[in-house]
Asker: 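For reference, the structure I am asking about is given below.
Here is how names work: the chains are called A, B, and so on, in the same order as the sequence lines, proteins then strands, and each is numbered from 1.
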Amino acid sequence: MRYIPITQADKAAMLRDIGVSSTEELFAANIPAEVRLNRPLDLPPALTEMEILAHLRELAAQNADTAEYACFLGGGAYDHYVPAAVDAVLRRGEFLTAYTPYQPEISQGVLQAIYEYQSLMCELTGMDLSNASMYDGASALAEAAGMVVNQTGRSKLLVARSVHPHYRRVVETYMHGVGVELIEVPLDGVTLDLNRLEALMTDEVGGLLLQTPNYLGYLEQVRQIEAIVHRMSGLFVVAVDPVSLGLLEAPGHYGADIVVAEGQGLGVPLSYGGPYLGILATRERFARKMPGRIAGATVDNRGQRGFVLTMQAREQHIRREKATSNICTNQALIALAATVYLALVGKEGLREVANLSLQKAHYAAQQIAALPGWRLAGSAPFFKEFTVLAPAPAQAVSRHLLGHKILGGIDAGAAYPELLDGAAGAVTLAVTEKRTRAEIDRLVAALGEVK
Amino acid sequence: MRYIPITQADKAAMLRDIGVSSTEELFAANIPAEVRLNRPLDLPPALTEMEILAHLRELAAQNADTAEYACFLGGGAYDHYVPAAVDAVLRRGEFLTAYTPYQPEISQGVLQAIYEYQSLMCELTGMDLSNASMYDGASALAEAAGMVVNQTGRSKLLVARSVHPHYRRVVETYMHGVGVELIEVPLDGVTLDLNRLEALMTDEVGGLLLQTPNYLGYLEQVRQIEAIVHRMSGLFVVAVDPVSLGLLEAPGHYGADIVVAEGQGLGVPLSYGGPYLGILATRERFARKMPGRIAGATVDNRGQRGFVLTMQAREQHIRREKATSNICTNQALIALAATVYLALVGKEGLREVANLSLQKAHYAAQQIAALPGWRLAGSAPFFKEFTVLAPAPAQAVSRHLLGHKILGGIDAGAAYPELLDGAAGAVTLAVTEKRTRAEIDRLVAALGEVK
Amino acid sequence: ALVPLLFEQSTPGKRAVTFPAPDVPAVEISEAIPADLLRQVPPALPELSEVEVVRHFTQLSRLNHGVDVDFYPLGSCTMKYNPKVNEEAARIPGFALTHPMQPAETVQGNLKLLHTLERWLCEVTGMDRMTFQPAAGAQGELTGILLIRAYHEARGEGERNEVIVPDSAHGTNPATAAMAGYRVVPVKSMPDGSIDLESLRQTVGPKTAALMMTNPSTLGLFDPHVKEITEIVHEAGGLCYYDGANLNAIMGYARPGDMGFDVVHINLHKTFSTPHGGGGPGSGPVGVKSHLVPFLPVPVVEQQGDRYVLDWDRPQSIGKLHAFWGNFGVVVRAYAYVLAHGPALKEVSEYAVLNANYVMAHLKKYYDVFVDRYCMHECVLAARTLKQETGVKTLDVAKRLLDEGVHPPTIYFPLIVEEALMIEPTETEDKATLDRFIDAMIRIHDEARSNPEHVKAAPHKTPVGRLDEALAARRPNLRYKREQC
Amino acid sequence: ALVPLLFEQSTPGKRAVTFPAPDVPAVEISEAIPADLLRQVPPALPELSEVEVVRHFTQLSRLNHGVDVDFYPLGSCTMKYNPKVNEEAARIPGFALTHPMQPAETVQGNLKLLHTLERWLCEVTGMDRMTFQPAAGAQGELTGILLIRAYHEARGEGERNEVIVPDSAHGTNPATAAMAGYRVVPVKSMPDGSIDLESLRQTVGPKTAALMMTNPSTLGLFDPHVKEITEIVHEAGGLCYYDGANLNAIMGYARPGDMGFDVVHINLHKTFSTPHGGGGPGSGPVGVKSHLVPFLPVPVVEQQGDRYVLDWDRPQSIGKLHAFWGNFGVVVRAYAYVLAHGPALKEVSEYAVLNANYVMAHLKKYYDVFVDRYCMHECVLAARTLKQETGVKTLDVAKRLLDEGVHPPTIYFPLIVEEALMIEPTETEDKATLDRFIDAMIRIHDEARSNPEHVKAAPHKTPVGRLDEALAARRPNLRYKREQC
């Protein structure tokens with residue numbers, strides 16, 4: 001009877017009003033015997049609240065976490081600081097336990113927050129409009145790919161090999177069914193090969209999916225790339241790290257047609273990979289092709305400003321098989337987290353986070369590159385993440401760091417063997433504003449022990 | 001500028017409106033030079049939010065806590081389970097950041113919660129009325145002592161030696177200034193000596209302060225004691241463990257005149273001793289002598305039920321030096337915690353908590369008493385806490401348990417040397433519903449190793 | 001404006017959260033980053049103090065309804081109470097502070113939790129394996145249909161290009177099929193929402209890849225021929241997809257796997273009580289029968305002795321749906337929820353069905369019922385007669401309910417019911433709340449006769465009145481721009 | 001009723017939180033506990049489900065105003081913003097889950113925190129040592145006066161039995177003196193709230209134990225003769241007690257210790273920004289000059305090398321005020337607050353004073369100001385003229401403010417000002433909020449002339465209207481009883 005507030009007396013009265021003698025009659029009237037389950041569910045015995053928490057704490061204790069370990073892992077999820085006020089807002093029951101604001105008159109809180117989120121994403125990315133959120137960065141990129149195909153009518157797409165391998169895999173998965181051909185543009189060093197891009201970017205190709213900073217941490221030459229893509233009237237899709245936009249140019253200012261991002265860095269805990277936040281922003285002219293919910297401002301019959309869900313003619317509950325996407329439930333609460341986060345750090349704060357991450361990452365890179373047997377995988381500019389060639393396999397590096405209570409060492413060589421160049425391993429490291437100099441020095445010292 | 005939202009531009013405009021050129025003028029106009037501090041405060045440099053939490057986590061890591069150690073400590077603070085919904089309610093900004101409900105029209109939330117708290121305390125204790133809270137169990141007992149003196153006009157009070165030594169010390173501190181003479185009633189074994197009580201309880205004595213279960217964990221013979229106290233028209237003040245009232249008779253039903261309690265067990269974290277909750281309930285006829293805030297039901301000018309602070313003529317802000325107490329800020333949020341807790345566990349749940357604690361404590365006591373060299377300090381009935389005589393000094397026992405990740409072993413012999421009876425130590429142990437049989441067995445095994 | 005926008009409250013120079021000064025030797029940004037990649041104009045984020053941010057969102061929240069505030073019988077959305085202990089559970093540092101790229105040996109707790117919940121949910125649904133990657137129901141559907149596609153392709157039956165979807169289905173079903181590259185073939189429902197077997201028999205064929213079905217249907221009624229339906233599809237070589245939107249009706253009573261479904265998705269945020277968050281995050285795990293296991297997204301959590309690993313080596317896999325492993329924080333909450341019930345999960349469905357029938361029993365005298373049969377976990381009523389007689393339509397009834405402090409039911413869905421009101425009370429509501437709702441619905445029904453204009457002008461007590469949605473669509477204002485304020 | 005009482009919502013048999021079955025061999029309760037000590041009738045606690053409890057308190061909270069909701073310029077209460085990080089700080093398991101009876105070696109972090117904050121607060125106040133035992137300001141006062149009593153008694157001057165309290169003082173001052181067994185001797189204030197030196201000179205004498213003083217006074221003005229005042233008292237053999245209620249005005253600018261005070265209490269929930277919680281918990285640490293250190297409550301936290309211990313061996317101690325060591329969880333929050341500011345604590349007072357003067361500058365044309373001088377952190381205005389001219393009194397102004405969504409100032413205090421309005425904006429309010437308040441106060445002033453009856457009937461927009469306090473006092477209804485519902 002956990003969480004069920006019907007007493008036996010109430011149940012009896014209710015059954016009487018319904019006109020049956022047991023709930024079994026209700027089920028019997030509906031479910032034919034041939035599909036009835038005639039045994040109890042084979043589940044562990046119910047626990048009380050106290051036991052549930054004790055059990056889960058035991059389970060969680062079997063993990064290493066970033067409270068105990070210094071985290072230099074990145075690869076699309078970053079250990080940025082989450083201000084305390086973010087969770088204080090998220091815990092408000094009116095946000096936490098509401099659903100999609102179908103009834104705007106009692107949902108102005110969620111609706112205004114979405115409108116503010118959309119506005120913030122436009123400011124960050126330099127784009128005209130944003131939806132109310134996608135599942136994560138990877139599926140946002142896949143939805144953007146679908147938009148490109150729909151918009152251009154071209155069924156080939158270029159994907160930079162420097163895009164996060166998981167993201168590429170998600171794009172492939174989404175595009176497989178609709179028969180889109182994905183063509184990989186290879187690396188030249190640690191960034192996209194512009195010559196190959198130029199050759200591959202034909203007028204049969206809908207556009208390019210790019211990520212910058214890319215998976216290895218390096219900044220792509222976006223202005224040159226933009227020119228190549230647009231020369232063939234392709235669409236230029238850019239996946240970014242939103243935190244980087246405190247320092248780096250907004251994709252809207254260098255010609256991106258669609259910007260996607262993983263929003264986790266904006267006030268969202270690592271939480272073993274989710275729930276995160278897919279950001280998707282685009283140009284006004286692609287508005288009707290955009291997937292996902294959108295809130296808009298309007299007025300009520302008392303003359304007050306208010307907010308509603310709008311442009312719903314794109315969506316599945318109206319358009320069904322002709323919808324721009326099947327997305328329904330999205331990541332509203334995480335979008336709220338990002339909204340609260342950006343309101344808290346503000347204009348200066350985001351720049352500070354970006355700058356601190358950059359400073360510390362560059363310090364770490366310099367120190368590691370100075371270690372005998374270690375060198376940077378490339379000389380391209382980077383933001384908070386970079387890749388180093390190691391004198392040992394990446395897994396050995398990672399294992400060694402664990403012994404020093406450090407999480408770090410994504411195996412870049414596994415995904416990009418072309419990078420190794422004779423080295424035993426290639427390792428990607430991320431450094432956020434949370435990492436202290438002492439922790440970085442500890443990392444460097446530990447790496448120095450790797451042979 | 002942490003938490004200060006005035007910008008330099010705003011400041012300038014405000015100074016202009018005020019008609020000064022700097023805030024210094026405002027201070028200069030008020031504070032004479034002779035008392036001005038002419039140097040910066042010698043405080044550590046300001047930290048950012050991120051650094052504050054990191055620093056505090058480091059500090060907290062220097063403590064042993066009950067998440068890591070099995071806690072068998074009691075002595076007025078108990079490791080009972082706090083349901084998650086309690087803190088969810090307490091975090092609501094409207095409760096957390098309000099103050100005493102001086103403006104009832106926008107404070108019905110706090111006021112109704114206080115009214116409900118008062119009602120719950122009356123139900124628990126069997127008394128007619130309760131105030132809105134006192135600081136803690138000890139000061140509640142001291143305030144009750146003051147009530148007795150005021151009500152009876154007798155300036156001597158009996159205090160059972162079996163009352164928590166800290167509580168007795170607080171009562172002494174409070175009573176010292178007003179010249180009340182406190183007379184200690186000694187132990188007979190592990191409970192009050194009824195013969196001595198009978199002898200000491202004269203018609204010059206205002207009453208008796210008793211605690212049951214007492215500091216050593218044992219139940220006092222309240223019915224016999226009540227008869228003795230009332231025979232001399234004294235007032236009978238009883239301090240209880242509110243959790244015990246799920247099983248034990250309510251003091252209101254055996255003639256208590258004032259009931260006080262430490263409310264920590266009702267949904268309040270241990271928090272190294274505070275904030276806790278002082279409960280004070282009494283008979284209707286002592287209403288005007290009761291210290292503290294009281295909420296009452298009334299109606300508004302629209303005919304709706306509402307709640308207000310009432311009976312304020314007792315209080316310091318009206319009566320000044322003639323007030324029943326100087327108390328102003330109390331423990332409202334902790335009273336709210338107790339209210340939420342009791343609503344969550346309800347009638348059955350409180351009984352379950354009490355019963356589980358009793359069952360586990362008795363199991364532990366039996367097992368320990370069966371260890372060679374160990375025996376119970378007395379044969380009186382007990383609830384969730386008991387005292388054992390040990391083959392080693394209490395501090396050695398406590399130290400040994402720490403090595404087994406167990407917190408336990410309050411030194412009863414230090415406060416009650418008469419208890420030792422030749423044993424090397426006397427140790428009080430508490431067992432709540434949170435302790436598992438495995439933990440108790442671990443405790444027993446560890447104690448078995450003590451020589 | 002009830003609450004000004006963050007941007008409207010912004011003042012240059014205000015700060016809330018600040019960060020420490022760098023503790024490493026400074027790098028010149030201009031040396032690290034080429035000028036053409038540096039931002040020239042910083043993003044115009046609002047500048048506010050912490051008190052303003054907290055007040056802003058506190059005030060916004062107070063304009064919002066949620067399950068924590070009062071009844072929320074939004075049909076099809078299963079707005080049940082979200083236990084507070086689960087919020088604590090998901091915030092345990094050992095879960096919340098783990099990085100998705102940690103080596104498996106450092107996240108054994110996470111992997112064990114995923115593996116265990118997979119087993120439990122397979123038991124509830126009658127499936128063999130499950131993936132937690134889909135972030136919501138719709139992504140679960142896409143995953144499921146792509147699994148079916150991969151199955152057919154692996155068997156050399158890639159020419160199957162049709163997915164059959166009943167006309168009563170949620171919009172996500174046809175939209176999903178289209179996203180997976182399928183032609184959507186509608187099949188008509190009978191008036192009781194069940195699938196017309198004859199029509200189905202005529203629809204299936206060598207082009208049939210799958211049937212997507214919600215059971216109980218969106219009318220809240222269990223399709224008695226479900227076994228026959230899945231057999232018809234299977235005989236035609238198609239597979240059967242179970243949309244778990246309405247799983248809250250049948251737990252412990254029946255299992256999609258036993259009905260013949262090959263794939264099923266579950267909405268953890270509905271049936272397993274994770275908070276809806278104003279529109280997510282959800283979680284839409286997908287379960288499959290053994291013949292579809294090779295196609296599951298990578299990686300799959302496998303147990304090896306007493307260790308758990310992520311298995312990426314699955315050549316037939318459809319790929320990935322999520323950058324990492326899905327909405328793990330949501331999964332933790334669902335795990336705690338199952339633990340809180342054990343085999344008594346069955347009672348969840350029992351009381352969900354009881355509550356829906358109780359509401360229907362009381363309201364069917366006042367609102368139209370098209371199928372007068374006991375319902376499952378939700379009941380679909382309609383204001384068709386009311387509209388004919390008074391001009392008060394379903395939308396008006398819903399808006400008037402707002403004045404009663406409860407969230408209205410889903411309206412105008414399913415599409416096959418005119419002026420529909422789809423009421424899903426869930427099992428976490430007590431009789432008193434249902435009675436209050438029933439009384440309100442009856443009062444509105446009566447008021448529609450005595451004072452229809454008052455109902456049509458509703459809501460009257462909400463912070464804003466009826467909003468001009470047409471204006472919002474005609475002149476889209478989708479973001480703040482400085483010149484607007 | 002807006003929200004039914006818990007008891008009115010109760011239904012027999014409902015449960016929220018449950019507990020596991022015993023895992024130890026059963027003991028018969030009747031064997032463990034004598035029958036006459038067992039409860040015959042269980043306490044009639046309400047029986048509710050978790051969803052009902054959460055909704056109940058969520059709904060109640062929505063009827064309540066707090067600093068998180070909007071402006072709360074309640075004079076003398078320092079309703080500043082409470083940083084959210086401090087809520088996290090106090091909940092760190094290493095703090096929140098420590099037991100007060102743990103051996104010192106297992107709580108070194110706690111003891112270090114207490115010892116460090118003691119040092120910091122001594123620096124802010126100019127005192128030598130401090131105790132954290134008092135749970136609130138009033139208990140701090142009692143502690144302080146008992147320390148003074150112990151001092152005189154130790155010097156054989158126990159005959160000093162008078163405490164001098166200005167007539168402008170908070171009620172806690174005289175109430176405290178009486179609780180400590182002293183005769184309260186009032187001393188008149190000058191119209192500007194400062195102490196009449198002549199009158200003071202005539203009042204002090206061999207009976208004088210102490211003077212209790214708030215500076216700035218409750219009129220928000222700093223007493224320029226404070227040094228002379230403390231000297232007069234000291235010369236007469238008395239000690240000086242500083243009521244820290246208004247410390248938020250002077251941090252970094254002046255220190256009670258430097259003004260000649262021997263004892264001071266601080267309200268952590270005011271000046272150091274710990275939440276007021278609807279009326280507590282607070283924390284009222286007391287600082288003393290060295291001559292009072294021997295009398296501090298036991299135990300005292302002492303540093304020995306790099307270890308911290310609790311020192312109980314203090315024969316001259318006044319004893320204890322709290323069962324343990326005070327409201328530790330509140331102390332953690334204050335510690336975090338000091339860390340967030342460092343020496344910039346001075347700016348807290350700077351802006352608190354700026355804000356109060358800004359409000360006064362704008363409102364003194366509309367409301368009476370008795371002392372036209374720059375104020376400190378709060379300003380005292382009055383509606384005396386308004387009342388004379390319109391019949392609208394301070395209470396009406398306050399109630400009308402409720403309709404504006406802000407909490408009214410403290411009213412009818414200090415007692416020496418007729419129709420007083422005591423406004424303390426604190427430093428955590430921005431100019432826009434102050435302007436909104438100023439506008440509202442002016443609007444009400446104007447409305448009092450144009451439509452006085454509307455003001456007198458206020459509030460109009462709150463969930464309840466004016467409440468009948470007389471009825472509440474005449475027919476006390478202080479608890480729910482079953483027959484009432």
Side-chain angles (χ1 to χ4, degrees), chain B residues 2 5 10 14 18 29-30 40 46 59-60 62-66 73 83 89 92-94 97-100 105-106 108-110 119 123 135 138 169 173 177-178 271-275 296-298 300-302 306 310 316-317 320-321 323 326 329-333 344 347 352 359 362-363 437, chain D residues 16-17 19 22-24 27 43 45 47 53 57 60-61 63-68 92 94 97-100 106 108-109 135-136 138 171 174-176 178 180-181 184 222 276-282 319-320 323-324 327-329 340 342-343 358 361 374 430-431 462 464-465 472 477 479-480:
Chain B
R2 200 81 188 94
D10 283 345
M14 292 166 76
I18 296 168
N30 266 284
L59 214 49
Q62 295 169 36
N63 298 324
D65 65 53
T66 61
L73 288 169
V89 171
R92 297 272 309 168
E94 297 94 329
T97 70
Y99 192 37
T100 306
E105 295 86 354
I106 52 167
Q108 286 298 299
V110 166
S119 304
E123 288 295 345
Y135 306 130
R169 197 81 196 264
T173 306
V178 288
S271 192
Y272 199 48
T298 186
D300 76 353
N301 58 10
R302 307 172 199 162
T310 190
Q316 47 77 23
H317 63 289
R320 302 178 73 85
E321 66 267 25
N326 71 342
T329 292
N330 46 59
Q331 303 282 115
L333 195 73
L344 285 168
K347 193 173 170 176
E352 282 176 9
Q359 297 286 342
H362 282 75
Y363 172 73
R437 180 172 183 163
Chain D
V17 176
F19 295 89
D23 58 355
V24 295
V27 172
L45 302 180
E47 297 175 76
V53 175
F57 289 103
L60 282 187
S61 77
L63 301 176
N64 223 80
H65 188 88
V67 176
D68 275 6
I92 294 172
L97 306 183
T98 50
H99 190 286
T106 67
Q108 286 295 304
T176 297
V184 176
F222 197 90
H276 283 63
K320 276 187 78 53
F324 301 109
N327 284 342
F328 180 74
Y358 180 70
Y374 296 128
D430 74 335
K431 181 171 176 294
T462 50
V464 293
N477 171 349
R479 60 169 292 201
Y480 170 81

Asker: Taking only residues two or more places apart in sequence or in another chain, which ones pass ring-ring contact (aromatic ring centres under 6.0 Å, His included) with His362(B)?
Answerer: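 For His362(B), the residues satisfying ring-ring contact (aromatic ring centres under 6.0 Å, His included) (neighbours in sequence not counted) are Phe382(B).
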Asker: Could you look at Val464(D) and say if it's the side chain, the backbone, both or neither that has a heavy atom under 4.5 Å from chain B?
Answerer: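 The answer is both parts of Val464(D).
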Asker: Go through the atoms of Arg437(B) and report whether side chain, backbone, both or neither lie under 4.5 Å from a heavy atom of chain D.
Answerer: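 Contact with chain D is through both the backbone and side chain of Arg437(B).
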Asker: Only pairs of heavy atoms separated by less than 4.5 Å count here; which of Ala135(D), Ala138(D), Gly66(D) has the most with chain B?
Answerer: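 Most heavy-atom pairs under 4.5 Å with chain B: Ala138(D).
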Asker: Please determine, among Gly94(D), Ala16(D), Gly279(D), the option with the most heavy-atom pairs under 4.5 Å with chain B.
Answerer: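 Highest number of pairs under 4.5 Å: Gly279(D).
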Asker: Please look at Arg302(B) and chain D and tell me whether the side chain, the backbone, both or neither of the residue comes under 4.5 angstrom of a heavy atom of that chain.
Answerer: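 Contact with chain D involves the side chain of Arg302(B) alone.
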Asker: Let me know if Ala180(D) has heavy atoms under 4.5 Å from chain B in its side chain, its backbone, both or neither.
Answerer: backbone
Asker: With a 4.5 angstrom heavy-atom cut-off, which part of Ala323(B) approaches chain D: side chain, backbone, both or neither?
Answerer: side chain
Asker: Relative to chain B, which segment of Ala361(D) carries a heavy atom at a distance below 4.5 Å: side chain, backbone, both, or neither?
Answerer: side chain
Asker: Against chain D, label Thr310(B) side chain, backbone, both or neither, depending on which of its atoms sit under 4.5 Å from a heavy atom there.
Answerer: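 Side chain only.
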Asker: Output the distance between atom CG (Asp68(D)) and atom CD (Glu94(B)), rounded to the nearest 0.5 Å.
Answerer: 7.5 Å
Asker: Side chain of Gln359(B), backbone of Val27(D): donor and acceptor closer than 3.5 Å?
Answerer: yes
Asker: Is there a donor-acceptor contact under 3.5 Å from the side chain of Asp65(B) to the main chain of Leu97(D)?
Answerer: no
Asker: Starting at CD1 of Ile92(D), measure out to CG of Asn63(B) and round the result to the nearest 0.5 Å.
Answerer: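 Interatomic distance, Ile92(D) CD1 to Asn63(B) CG, rounded to 0.5 Å: 10.5 Å.
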